[in-house]
Structures are given as structure tokens and as C-alpha cells.
Amino acid sequence: MDLKNYIRDIEDYPKEGIIFKDLTPLWKDKDALKYTIETMASFIKDKNVDLIIGAESRGFMVGTALALYTNTGFIPVRKPGKLPYKTISATYELEYGTDTLYMHEDAISKADNVYIVDDLIATGGTACAMVEMSETLGANIVGLGFVVELAFLNGREDIKKYPINSIITY
Ligand code: AMP
């Protein structure tokens, strides 16, 4: 199945010069959705994953669906002020300035096998922040998985010590 048929380019969104990859047609189509989650699941077959980690908010779609499909748990990574319990954080670079993501401090137990996911990897900042927090909590990072990788932005550079899978590459 060619998932590129279910990804729509939106020019100049959210700001001028960005081509936004809109995955909503993919989530809408039951066969494309099933194929996406099945393919993600094939990346972690036999890896004994305990937890899927996903960042707000598009990472929740792929993350919770994958967790259900692979009989694992799901850990949400969130933006400032959203998690109610004690948190740890990681700050990462944006094009202009920085952003910070949070995870509950008891989200991961030492040596849990975790798989980090998102709908898309662009510069890799979000993925790096998830890696950093997972490492802080002592997780064993089995790898990272993305539906889409914008390879020309070289987002995998800072996380290349871990296995990285993406279904579609631009
Ligand atoms: P980054 O931290 O730069 O790797 O950006 C990854 C996050 O931003 C993901 O959660 C994506 O949903 C979103 N994102 C960044 N760039 C794009 C893009 N061109 N199209 C769609 N989503 C994007």
C-alpha cells in the first residue's frame, strides 16, 4: 500500500515556507490506518517492548493505536502545564528559540523496554527530547518509529545510536 496517496501537502502552514504533511486522510481511511499501525508493529516484533512513548498531540494517535495493537502500555509526553503529577523535562531547539516537553517522573521504571514514536520526524528536536527523558528515567530504548521522515532535515542525526524506522521518507 502506498501511504503517500493518503498524505496531503499543505503549503505555507503553519507559516510561510513550510510544507505541512497532513496525515488526516491517512487516519480517516480504515485500510491505510490499519496498514500504518501493522507496519509500525512489525518494526518491534520480538523486541519485548513494555511501553510506547509518544508526544502531544499527533504522537498520541500513532502511539496509543500501536500500544493497543502490540499489547503494550502508552506514556504521554506533553507540553508545559499539562501533566498533573511531578515531572521531568527536556528542552530542545526550534528554528527560533526553544521548547520544552514533559513526562511524569514515574512514567518509566528502570530497564523498561520503550519504543518512541511520532507521526513525523522533521528536525528531530521532539524525538531528541523524548530520548533524553527516557534515558534520564533509565529506560532501555529499543528504537524510534515514525510514519513519515523528512530526511532532508537530517532529524535522525542526533539519535542515530538507536535503531530508527520510518514507513515513508521524503
Ligand atoms: P521536529 O521536532 O522538528 O522533528 O518536529 C516533529 C513534530 O512536529 C512532529 O510531532 C510533527 O507532527 C510536527 N511537524 C514538524 N514539521 C512538520 C511538517 N512539515 N509536516 C507535518 N508535521 C510536522
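Whatever order the structure lists ligands and atoms in, that order sets their numbers, starting from 1. Computed from heavy atoms alone, side chains included, the values below leave out hydrogens, waters and symmetry copies.
- For the pair Ile19 and ligand 1, the shortest N or O to N or O distance falls below 3.5 Å.
- What sits closest to atom 3 (O) of ligand 1 on the protein, heavy atoms only, is Thr123 OG1, 2.5 Å.
- Summarising the geometry, atom CE belonging to Met103 is positioned 10.5 Å from atom CD belonging to Glu132; distances are rounded to the nearest 0.5 Å.
- Within the structure, ligand 1 lacks Leu94 among the residues with a heavy atom less than 4.0 angstrom away.
- When all heavy atoms are compared, the tightest approach of Cys128 to Ile159 is SG-CG2, 3.9 Å.
- Aromatic ring centres of Phe43 and Tyr115: separated by at least 6.0 Å.
- For the pair Gly124 and ligand 1, the shortest N or O to N or O distance falls below 3.5 Å.
- Nearest protein neighbour of atom 16 (N) of ligand 1, counting heavy atoms only, is Ala122 CB, 3.6 Å.
- Scanning the protein for heavy atoms near atom 22 (N) of ligand 1, the closest one is Phe20 CE1, 3.4 Å.
- The protein heavy atom nearest to atom 13 (C) of ligand 1 is Arg58 NH2, 3.6 Å.
- Counting the atoms of ligand 1 from 1 in the order shown, those under 4.0 Å from a heavy atom of Thr126 are 1 (P), 2 (O), 5 (O), 6 (C), 7 (C).
- Judged purely by distance below 3.5 Å, without hydrogens or angles, the side chains of Thr100 and Ser89 never pair a donor atom with an acceptor atom.
- Checking atom 8 (O) of ligand 1 against the protein gives no heavy-atom contact under 4.0 Å.
- Remark: among candidates Leu120, Ile121, Val147, Asp119, the nearest residue to atom 12 (O) of ligand 1 is Asp119, based on non-hydrogen atoms.
- Under 3.5 Å, the side chains of Asn113 and Asn48 contain no donor-acceptor pair of N or O atoms.
- Of the residues Asp119, Asp22, Asp118, the one that meets the salt bridge (charged side-chain N to carboxylate O under 4.0 Å, His left out) test with Arg58 is Asp119.
- Among protein heavy atoms, the minimum distance from atom 10 (O) of ligand 1 is reached at Asp118 OD2, 2.9 Å.
- Contacts with ligand 1 closer than 4.0 Å are made by heavy atoms of both the backbone and the side chain of Lys21.
- Atoms of ligand 1 lying under 4.0 Å from any heavy atom of Leu150, numbered from 1 in the order shown and given with element: 19 (N).
- Between Glu135 and Lys110, no side-chain nitrogen of the basic residue sits less than 4.0 Å from a carboxylate oxygen of the acidic one, so the salt-bridge criterion is not met.
- A salt bridge links Lys21 and Asp9; the closest N-O separation between the charged side-chain nitrogens and carboxylate oxygens is under 4.0 Å.
- Tyr35 does not carry Lys30 over the face of its six-membered ring by the limits of under 6.0 Å from the centre and within 45° of the normal.
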